[in-house]
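Data first, discussion second: the structure below is written as structure tokens.
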Amino acid sequence: MEKISVGLIGFGTVGSGLAKTLNTQNEQLQQKVGVPIKLSRVADINITELPPEYKDVVLTSDAADIFNDPEIDIVVELIGGIEPAKSFMLEAIKQGKHVITANKALLSIHGKEIFEAAVANNVEVGFEASVGGGIPVIKALKEGLVANRIEVIRGILNGTANYILSMMTEHGTPFEEVLKDAQGKGFAEADPTYDIEGIDTAHKLAILMCIAYGQNVHLDDISVEGISNIMPIDIDFAKEFGYRIKLLAISRNHGDHVEARVHPTMVPESAMLANINGSFNAIQFTGDTVGDILLYGQGAGMMPTGSAVAADVVDISRNIISASVNRVPPLSYLPKHFNPPSITPMSDLSCPYYFRVTVLDQPGVLSAISGILGNHGISIKSVIQKGHQGIEPVHVVLRTHRASEAAVQKAVREIDALESCTEPTVKIRVLIEDD
Ligand code: HSE
């Protein structure tokens, strides 16, 4: 084999990061792989020419020119979204190309079909950049932690949400302003509701869970709540109580079932995850043999994500050269040992809670709220009322001792139905680190 030839579909932020990486690291990559890795074709419908440093690279607007090119060994899909990305990947696989993607949405929904097609066609699927941007989390989980039963996954997997919460916490910047800033910096999704409503985090958790547990976890298996109803008052209360609010992906392995949830969480300020700020990502695994591991780094951006895609290119190139394609199964477990997911119902969980109830300041309201909580066996730890007496609604903040999620869901429904309650109650789960 004289060279490895790469075709790239999508010359956007990450695509140009990959091209730049392959260009600038060319020599050291050759020293590590044994042959040159050459970007030979780029497909993109939004550009008419490539920057001058890619004068040997052929630009096309038709992705078929890439997967039909017999010279190309590896097809990299970096257009995002479900279609046509899915069809491009399946077509490339059918043509016997190895494929690489950063497309977490696609893998968390259609991963099963894509991985099965790849195994059937004896090609590899690289997806390091789909979770944690430049952090080598997929490789760590598939290889470095392979000898562990993964007990817990906890992660800050969305840079935009973390940036928003950090800026609100550190500088009191309003939500909308920080979101605009994140969009300007290029790490928010095309549809930023994916970032804010926890969907992007759920995409990534689904992928990690597949590898960790050998289960076909789908996006729909994950319970998702976002951060759009978090107000500065919640951030201030969290600080006062010694917590930071973080959008966490959480999964705990209970043996015959596994938790799968994404929600804003009050994290004790002494915990490492409470101190991951800005657009950074961090993923904490607890393995039964290794104990706790924390991986930290840039979860988005042109060069960090380009670095992860380039690592996949190198991995696959090495496997092609040594004739050991799929030496490491795409999701670590051998396909025959993959099982359907077995997910813990949310109603089975329990933890302490923070509630912010918005009510009219009238006699008997507090006793009605505490009565509802008491009726559902929820024990109150503290109550604070903020706001001035008058006609404007006030915020009543309650912290509970450990309570069952099933009871909390019923109690919140009853509280929200009170005549004096003017807005849906905000509930934030409180993390107990050893839980
Ligand atoms: N929108 C994502 C984020 C990009 O903010 O983390 C990386 O997946």
Side-chain angles (χ1 to χ4, degrees), residues 10 12-18 21 76-82 85 100-109 111 126-139 141 153-168 173 175-209 211 219 222 224 226-228 230 245-249 262-265 273 276-284 295-312:
T13 307
V14 181
S16 27
L18 171 68
T21 306
V76 183
E77 177 277 306
L78 294 174
I79 55 173
I82 304 299
I100 295 173
T101 185
N103 195 332
K104 56 256 163 142
L106 179 60
L107 293 182
S108 68
I109 296 170
F127 53 102
E128 183 62 69
S130 64
V131 184
I135 309 169
V137 57
I138 302 293
K139 195 169 180 84
L141 192 53
I153 304 170
R154 279 189 199 133
I156 293 173
L157 301 178
N158 184 274
T160 303
N162 202 44
Y163 186 65
I164 291 172
L165 291 172
S166 303
M167 292 297 278
M168 286 172 79
T173 322
F175 191 105
E176 290 303 329
E177 200 177 302
V178 199
L179 173 59
K180 265 204 197 109
D181 190 15
Q183 286 174 302
K185 288 192 158 75
F187 44 77
E189 293 301 301
D191 178 356
T193 54
Y194 276 39
D195 299 296
I196 293 157
E197 297 304 347
I199 301 158
D200 178 74
T201 302
H203 290 150
K204 295 164 180 171
L205 179 61
I207 295 170
L208 293 180
M209 289 178 68
I211 304 170
L219 174 66
I222 297 177
V224 189
I227 60 167
S228 56
I230 305 289
I245 300 176
K246 294 288 178 191
L247 180 63
L248 288 195
V262 171
H263 51 71
T265 311
L273 287 176
I276 307 301
N277 291 317
S279 61
F280 278 88
N281 283 196
I283 305 105
Q284 188 175 354
L295 300 164
Y296 167 81
Q298 292 285 1
M302 173 172 151
M303 295 317 288
T305 314
S307 155
V309 179
D312 277 341

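In this text the structure is predicted, and so the values were computed from the model without any measurement. Both backbone and side-chain heavy atoms feed into the values below; hydrogens, waters and symmetry mates do not. As the structure lists them, so they are numbered: ligands from 1, and atoms in each ligand from 1.
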Atoms of ligand 1, numbered as shown, that sit under 4.0 Å from any heavy atom of Gly159: 3 (C), 5 (O), 6 (O)

CA sep, side-chain torsions, deciding dist, call: Phe187, Tyr163, ring pair (Phe, Tyr, Trp, His ring centres under 6.0 Å): CA-CA 10 Å; Phe187 44 77; Tyr163 186 65; 5.5 Å; yes

Nearest non-hydrogen partners of Thr160 and Asn158, listed with the distance: N-OD1, 3.1 Å

Single hit among Gln183, Lys104, His203 for side-chain hydrogen bond (donor to acceptor under 3.5 Å, both in side chains) with Glu189: Lys104

Check: Asn281 N/O within less than 3.5 Å of ligand 1 N/O: no

Element-labelled atoms of ligand 1 that are located less than 4.0 Å from some non-hydrogen atom of Asp200: 2 (C)

Subset of ligand 1 atoms that lie under 4.0 Å from at least one heavy atom of Ala300: 4 (C), 7 (C)

Worked check of side chain to side chain contact (heavy atoms under 4.5 Å, CB included) between Arg154 and Leu273: CA-CA 9 Å; Arg154 279 189 199 133; Leu273 287 176; 3.7 Å; yes

Ile245 versus Leu165, closest heavy-atom pair with distance: O-CD1, 3.5 Å

Shortest protein heavy-atom distance from atom 5 (O) of ligand 1, along with the residue and atom involved: Thr160 OG1, 2.7 Å

Ligand 1 versus Thr305: contacting region, heavy-atom distance under 4.0 Å: neither

Minimum heavy-atom distance Met168-Ile230, with the two atoms named: CE-O, 3.9 Å

Gly299 heavy atom under 4.0 Å from ligand 1: yes

Protein contact of atom 8 (O) of ligand 1 - nearest heavy atom, named by residue and atom, plus distance: Lys104 NZ, 2.6 Å

Closest contact, heavy atoms only, Ile135 versus Tyr296: CD1-C, 3.8 Å

Proximity to ligand 1 by part of Asn158, non-hydrogen separation under 4.0 Å: both

Option nearest atom 3 (C) of ligand 1 (shortest heavy-atom distance, choices Phe187, Tyr194, Phe280): Phe187

Heavy atoms from other residues, nucleotides or ligands near CZ of Phe280 exceed 12 (cutoff 6.0 Å): yes

Atom 2 (C) of ligand 1: nearest protein contact (heavy atom, Å): Glu189 OE2, 3.1 Å

Atom indices of ligand 1 within 4.0 angstrom of Lys204 heavy atoms, with elements: 2 (C), 6 (O), 7 (C), 8 (O)

